[in-house]
Peer 1: 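Shown below is the structure under consideration.
Sequential numbering from 1 along the given sequence is applied to the chain's residues. Excluded from the calculations below are hydrogen atoms, water molecules and symmetry mates; all remaining heavy atoms, backbone and side chain alike, are included.
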Amino acid sequence: MPLLKLIFSFEWRQFLRQPAQLLILIFFLLMGFYSLSTGHHFVGQQLSGLDTLVQNQKSHFQELLGRFDADTSTSKGKTLAAQAGLPQVIEYRASPIATNPPKGLALMAIGQRDILPYFDIINSKRDILTPPNAEIANPEKLASGNFDFSFVLIYLFPLLIIILCYDLYAKEKEQQTDRLLNVQSGDLNRILFHKLLFRLLMVCMLGWILSIIGFLLHPKGTLLSGADVLLWFFVLTTYLLFWFSICWLVVVLRKSSRINSLTLLGIWLLLTLILPALMNKLAALKYPMPLRTELVSHQRETMLDTWEMPIKELLVHFYRNNPQYLPLKQSSDTAQYGNKRFVAYYDLLGRRMNENVKKYHAGAKAHNSWLSKTAWLNPVAQMQSLINATAQTDLRDYLFYQQQAGDFQNLWVKLMNSYLLANKKLSRKEVMNLPVFQPAKDETRTSRILTNTIPLWLAIALVLWIARKKSILK
C-alpha cells in the first residue's frame, strides 16, 4: 500500500508538470462538452417536435368536442353539429399518435434515432406514407453519423489511453531508471501496473465526470432512472478496462515506445475501423439490410393494386377475413363511394401492407441479429451495441416500438370499423374515451445488456492472462 501511494503521488506531480498531457486532457474534456451539447440539441429538437405534435392533437381534439355544442342557429353551426361524432371526421381532424420519445441517455448516444421515425400517425387507413415513414434518410448523415458522447467514448477515448500508456515502460528504459526500480522494488512489473492503474483511474474519472454532466443535462421531457445510470457506468467502465488491458499486454512486452505506439495504433485501427467494416460488409452480403425507401415504394404499389380491384372482389375478401360483420351484409355494399367499400379496401390494404412491413422487420432483425452474434469477435462493435441499447437508441428498440404501434393501430382500426360499417356516430362520451397509445417497457433490456457484456469481460480476462504469461517469461 505505501508503494501504491508513493507511485500515485509521484505520477500526479509528474502529470501536473507536463503541459502536453494537461492540454490533451483539456482537449478531450472540451470534446466531451461539445458532444454532449450536440446530443442535447438533437434530443431537444425531437422533444420540441413531439410537443408541437401533441399540442396540435389536443387542440384538434378539443375542436372535435366543441362540435357537440355547436350553435345550430347558424349554417356553420349546423354543419359542425352534423359532423359531430362522425368517425371519418375524427380520423381526419384528430387521429391518435404513437410516439417513441427519446429517453434520458439519448443525448449521450443518439444511435439510430436520427434516421428512424420517432412518431406515427395512427388511423384506419394504415397510411405508411405519412411524413415520418416516407422521409428519405440523408446518405451523408448515414455515412458520418453524429458527434455524440458515444462517438467520443468508443473511438477517441482509446486514443487518449494509448497516448497516456504507450511509453509506460519505454520511458523508464530510455531514462535508464528501469534497472534501478527493479533493484529497489524487486518487481518492475508491479511498479508499471501501479502506474497503469493511476492512468486508468484518471481516464475513468474523466469519463465519469462527463457522464454525470450528461445526466444533469438530460431534458425534463426525458426519463432517466437509477438503473439506466448504473448500466451506463457499468458499460463505460468495462470498455475502458478492456483498452487498458490491451495497453498492459503491450507494456509487459517491454518494447520501445515507437513499437508500442505503432502496435497500439494498429490494434485501434483494426478494432474500430477494419473489423466493423468487414463485419458490416459480410452482414450486407448475407442478410442485406432492407431500405425504408424500398418499403415505401412497395406500399405505394400495394395501394394502387388494391384500389384497382373490383368492389365485389374487395367485399369477398373483407367478409372472408371478418366474418363477424356478415350480419351487416347488404345488396347496397357495392356502392362506389359507400363506407363498406372503403372499409373493405383499407382492411385488405392493411393486411397486405402488414405483410410488407413484416418482411421489412424480418430482414432488419436478421441483419441486426447476425451483427449481434458476430459482435463478440470485436469488443468495439459490442460496445457500440451495448451503449445504444443502454440509451435505447438502437434498431432493436425501434422495432420494439413499431410492434407496439402496430398493435395499437389494429385496435384503432377495429374500433373505427365498428362505427363505419354500422353508419354510427360516436357520442361525446365515446369520443372522450377513445384509446390512447401507451408505450410498454422492454423488461428484457437490462438482462440482455448484462449478458452481452460477457464477451467484453472474457476478452479482458484473456488479454490479462496472456499478459501474465508474457510477464513471467520476461
Side-chain angles (χ1 to χ4, degrees), residues 42-43 45-61 64 87-88 90-103 106 110-138 221-223 290-300 302-303 306 345-365 368 392-417 434-442:
F42 172 80
V43 171
Q45 282 186 319
Q46 289 204 341
L47 289 174
S48 177
L50 288 175
D51 183 66
T52 302
L53 188 66
V54 170
Q55 293 304 320
N56 288 340
Q57 210 259 353
K58 285 182 179 179
S59 64
H60 291 162
F61 187 77
L64 283 178
Q88 300 95 327
I90 291 173
E91 287 205 308
Y92 178 74
R93 295 294 299 171
S95 292
I97 54 175
T99 61
N100 182 26
K103 307 302 186 294
I110 294 174
Q112 298 192 38
R113 288 196 63 88
D114 59 334
I115 59 175
L116 294 173
Y118 55 97
F119 71 90
D120 289 277
I121 299 174
I122 306 298
N123 55 54
S124 61
K125 300 177 179 58
R126 301 178 186 271
D127 189 2
I128 195 67
L129 304 178
T130 51
N133 290 300
E135 180 182 1
I136 298 177
N138 186 338
T222 59
L223 297 176
L291 299 176
R292 291 194 62 80
T293 50
E294 290 184 358
L295 173 63
V296 171
S297 177
H298 290 158
Q299 301 296 51
R300 289 184 186 276
T302 302
M303 289 179 67
T306 307
Y345 162 72
Y346 286 119
D347 179 78
L348 183 58
L349 176 64
R351 295 175 187 276
R352 290 181 171 182
M353 281 188 164
N354 283 343
E355 290 301 316
N356 292 340
V357 172
K358 285 180 181 178
K359 291 179 181 178
Y360 170 83
H361 285 173
K365 284 182 178 179
N368 198 46
Q392 302 179 58
T393 57
D394 65 355
L395 179 62
R396 186 187 183 101
D397 295 296
Y398 170 74
L399 295 178
F400 181 73
Y401 152 74
Q402 278 287 292
Q403 181 180 357
Q404 298 174 68
D407 293 340
F408 178 74
Q409 185 173 50
N410 291 335
L411 173 67
W412 180 264
V413 169
K414 185 178 180 181
L415 176 65
M416 288 295 104
N417 283 350
L434 286 171
V436 178
F437 178 76
Q438 297 291 345
K441 182 180 179 182
D442 187 358

Peer 1: Please list all pairs passing the salt bridge (Lys or Arg N to Asp or Glu O under 4.0 Å) test where one or both residues lie in residues 90-101, with sequence neighbours left out.
Peer 2: E63-R93, E91-K125
Peer 1: Give me the atom names and distance for the closest heavy-atom approach of P435 to L415.
Peer 2: CD-CD2, 3.6 Å
Peer 1: Which atom pair, heavy atoms only, marks the closest approach of N356 to H298?
Peer 2: ND2-O, 4.0 Å
Peer 1: Quick one: pull up NE2 in H60 and OH in Y92 and give me the separation to the nearest 0.5 Å.
Peer 2: 9.5 Å
Peer 1: Applying side chain to side chain donor-acceptor pair (under 3.5 Å) to Y346 and N123, what does each step give before you reach the verdict?
Peer 2: CA-CA 10 Å; Y346 286 119; N123 55 54; over 6 Å; no
Peer 1: Indicate yes or no: at least one non-hydrogen side-chain atom of L348 is less than 4.5 angstrom from one of R352.
Peer 2: yes
Peer 1: Could you check D114 against Q46 for side-chain contact (heavy atoms from CB on, under 4.5 Å), going step by step and ending with a plain yes or no?
Peer 2: CA-CA 9 Å; D114 59 334; Q46 289 204 341; 5.8 Å; no
Peer 1: Taking all atoms of both residues into account, what is the closest heavy-atom pair of R113 and A106, and its distance?
Peer 2: CD-CB, 4.3 Å
Peer 1: How far does CG of L47 sit from OG1 of T99, to the nearest 0.5 angstrom?
Peer 2: 10.5 Å
Peer 1: So, using ring-ring contact (aromatic ring centres under 6.0 Å, His included) as the criterion, who are the partners of Y345 when residues are at least two apart?
Peer 2: W307
Peer 1: Does Q402 use its side chain to pair, donor to acceptor, with the backbone of V357 at less than 3.5 Å?
Peer 2: no
Peer 1: List the atom of F119, the atom of L50, and the distance in Å for their closest heavy-atom pair.
Peer 2: CB-CD2, 3.9 Å
Peer 1: Count the heavy atoms of every other residue, nucleotide or ligand shown that sit under 6.0 Å from CG of L223, and state whether that count exceeds 12.
Peer 2: no
Peer 1: Using 0.5 Å steps for rounding, measure from the CG atom of N354 to the CD atom of Q299.
Peer 2: 8.5 Å
Peer 1: Where is the tightest heavy-atom contact between P96 and W412, given as atom of each residue plus distance?
Peer 2: CD-CZ2, 3.5 Å
Peer 1: How far does NZ of K58 sit from CG of L53, to the nearest 0.5 angstrom?
Peer 2: 11.5 Å
Peer 1: Would you compute the distance between atom CD1 of I110 and atom CZ of F42 and round it to the nearest 0.5 angstrom?
Peer 2: 5.0 Å
Peer 1: With no hydrogens and no angle check, do the side chains of Q404 and N100 hold a donor and an acceptor under 3.5 Å apart?
Peer 2: no
Peer 1: What pair of heavy atoms forms the shortest contact from I122 to A405, and how long is it?
Peer 2: CD1-O, 4.2 Å
Peer 1: What is the distance from atom CG of L399 to atom OH of Y360, rounded to the nearest 0.5 Å?
Peer 2: 7.5 Å
